[in-house]
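Per chain, numbering begins at 1; letters A, B, ... match sequence-line order.
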2 protein chains.
Amino acid sequence: MSIAQIEYFVAVAEEAHVGRAARRLHISQPPLTRQIQRLEDELGAPLFERTPRGMRLLPAGARFLAHARRVLAEVDAARRCLEPLPSSQRAR
Amino acid sequence: MSIAQIEYFVAVAEEAHVGRAARRLHISQPPLTRQIQRLEDELGAPLFERTPRGMRLLPAGARFLAHARRVLAEVDAARRCLEPLPSSQRAR
DNA sequence: AATCCGCGATACCCAAACGGTATTGGCCTG
DNA sequence: CAGGCCAATACCGTTTGGGTATCGCGGATT
């Protein structure tokens, strides 16, 4: 499981559509489909239901989505924790 | 920044020694050195001081370490959130 | 002061992972 | 029953990651 995969998953969950999610992520659809498949494989459970209209989150996917967002939030915080500070601010 | 890099960083921080951390991670020393370098590059700041005895966390590294552990904890939680349940347990 | 030893860093190579283009298969829709 | 839209697959080139061998540089030992 990679950070990119988690970002991809969140995008697909939010768009409910691989093609739109791919455009939003600036990658093409096939790699995105594959990363979602790999993620499902690794987790051992499908996260989406494939419909002719797009992708619908399964209950397992919804549960995972909450965790995925928390992971991304922590990654963001980690990235920012070394950013050059505007001026006056102290570390905790 | 990848999850593996974060795990690598935590191992090096805890061991204060690239060689030992590499053994613990079951990889060899040179790739580990490189991943740490890449992480520092991406973050735009050195995280360790290189000493003849090993690696010592810099203040920036210590700050990042706390975040790194939180990221890994969330990743773990995400992984476990779909695990087959022993018997009786309900989702939140 | 000269030598040795242990550390991280570098050079080079190979295998695995990732993304892109082209195409397929399936299912609703008109 | 034909067209269109969706995800899925096939195939390819490039990039990334890890391994082995080796270097350079300090500190420690005598």
Side-chain angles (χ1 to χ4, degrees), chain A residues 1-62 64-65 68 71-72 75 78-79, chain B residues 1-62 64-65 68 71-72 75 78-79:
Chain A
M1 175 158 55
S2 71
I3 293 171
Q5 274 178 333
I6 297 174
E7 289 167 345
Y8 292 177
F9 165 76
V10 171
V12 172
E14 290 179 356
E15 300 288 345
H17 192 290
V18 177
R20 275 194 301 270
R23 249 174 280 129
R24 171 172 144 190
L25 293 165
H26 304 109
I27 65 173
S28 57
Q29 172 257 321
L32 182 51
T33 291
R34 267 180 283 137
Q35 291 301 326
I36 297 299
Q37 288 171 341
R38 277 173 173 254
L39 182 60
E40 291 177 320
D41 272 16
E42 182 178 340
L43 293 172
L47 302 172
F48 293 100
E49 182 192 349
R50 274 74 171 171
T51 83
R53 313 288 241 147
M55 310 278 278
R56 184 196 318 276
L57 265 185
L58 293 172
F64 185 73
L65 178 57
V71 170
L72 296 184
V75 169
R79 285 200 170 107
Chain B
M1 175 157 55
S2 70
I3 293 172
Q5 273 178 333
I6 298 174
E7 289 168 346
Y8 293 177
F9 165 76
V10 171
V12 172
E14 290 180 355
E15 300 288 344
H17 192 289
V18 178
R20 274 194 301 272
R23 267 193 301 278
R24 172 172 142 189
L25 294 166
H26 304 108
I27 66 173
S28 57
Q29 173 257 319
L32 182 51
T33 291
R34 267 181 283 137
Q35 291 301 327
I36 297 298
Q37 290 171 340
R38 277 174 173 252
L39 182 61
E40 290 177 320
D41 273 17
E42 182 178 340
L43 293 172
L47 302 172
F48 293 100
E49 184 191 348
R50 276 72 171 173
T51 83
R53 312 289 241 148
M55 310 278 277
R56 185 196 320 276
L57 264 186
L58 293 172
F64 185 74
L65 178 57
V71 170
L72 296 184
V75 169
R79 286 201 168 107

* Distance-minimising heavy-atom pair for Pro46(B) and Ala60(B) -> O-CB, 4.0 Å
* Asked: Phosphate oxygens OP1/OP2 of dG19(C): is one of them under 4.0 Å from a side-chain N or O of Tyr8(A)?
  -> yes
* Which heavy atom of Leu32(B) sits nearest a heavy atom of Val12(B), and at what distance? -> CD2-CG2, 3.8 Å
* Asked: Nucleotide range of DNA chain D contacted by chain A, 5' to 3', under 4.0 Å to a heavy atom?
  -> dC6(D) to dT9(D)
* **Over all atoms of both residues, closest heavy-atom pair of Glu40(A) and Phe48(A)** => OE2-N, 3.3 Å
* Structure fact -> Nearest heavy-atom contact between Ile36(B) and Phe9(B) is CD1-CA, 3.7 Å
* Which residue lies toward the 5' end of DNA chain C, Pro52(A) or Ala4(A), if each is placed at its nearest nucleotide? -> Ala4(A)
* Rounded to the Å, how far apart are Gln35(B) CD and dT10(C) P? -> 14 Å
* Rounded to whole angstroms, how far apart are CZ on Arg38(B) and P on dT10(C)? -> 13 Å
* Asked: Shortest non-hydrogen contact from Val18(B) to Gln29(B)?
  -> CG1-CG, 3.6 Å
* Looking only at non-hydrogen atoms, find the nearest pair between Leu39(B) and Met1(B) and report the distance. => CD1-SD, 3.9 Å
* To do: Could you tell me whether the phosphate oxygens of dG8(C), OP1 or OP2, come under 4.0 Å of any side-chain nitrogen or oxygen in Gln37(B)?
  => no
* Charged N to carboxylate O below 4.0 Å: is that the case for Arg23(B) and Glu15(B)? -> no
* Nucleotide dG8(C), atom P - distance to CG of Leu57(B) in whole Å -> 13 Å
* To do: Mind running a 4.0 Å heavy-atom check of residues 14-34 of chain B against DNA chain C and sending the residues that fall below it, in number order?
  => His17(B), Val18(B), Gly19(B), Gln29(B), Pro30(B), Thr33(B)
* To do: For residues Leu72(B) and Val10(B), determine if any side-chain heavy atom of one lies less than 4.5 Å from a side-chain heavy atom of the other.
  => yes
* Take the protein atom CZ of Arg50(A) and the nucleotide atom P of dC28(C), then report the distance between them rounded to whole Å. => 16 Å
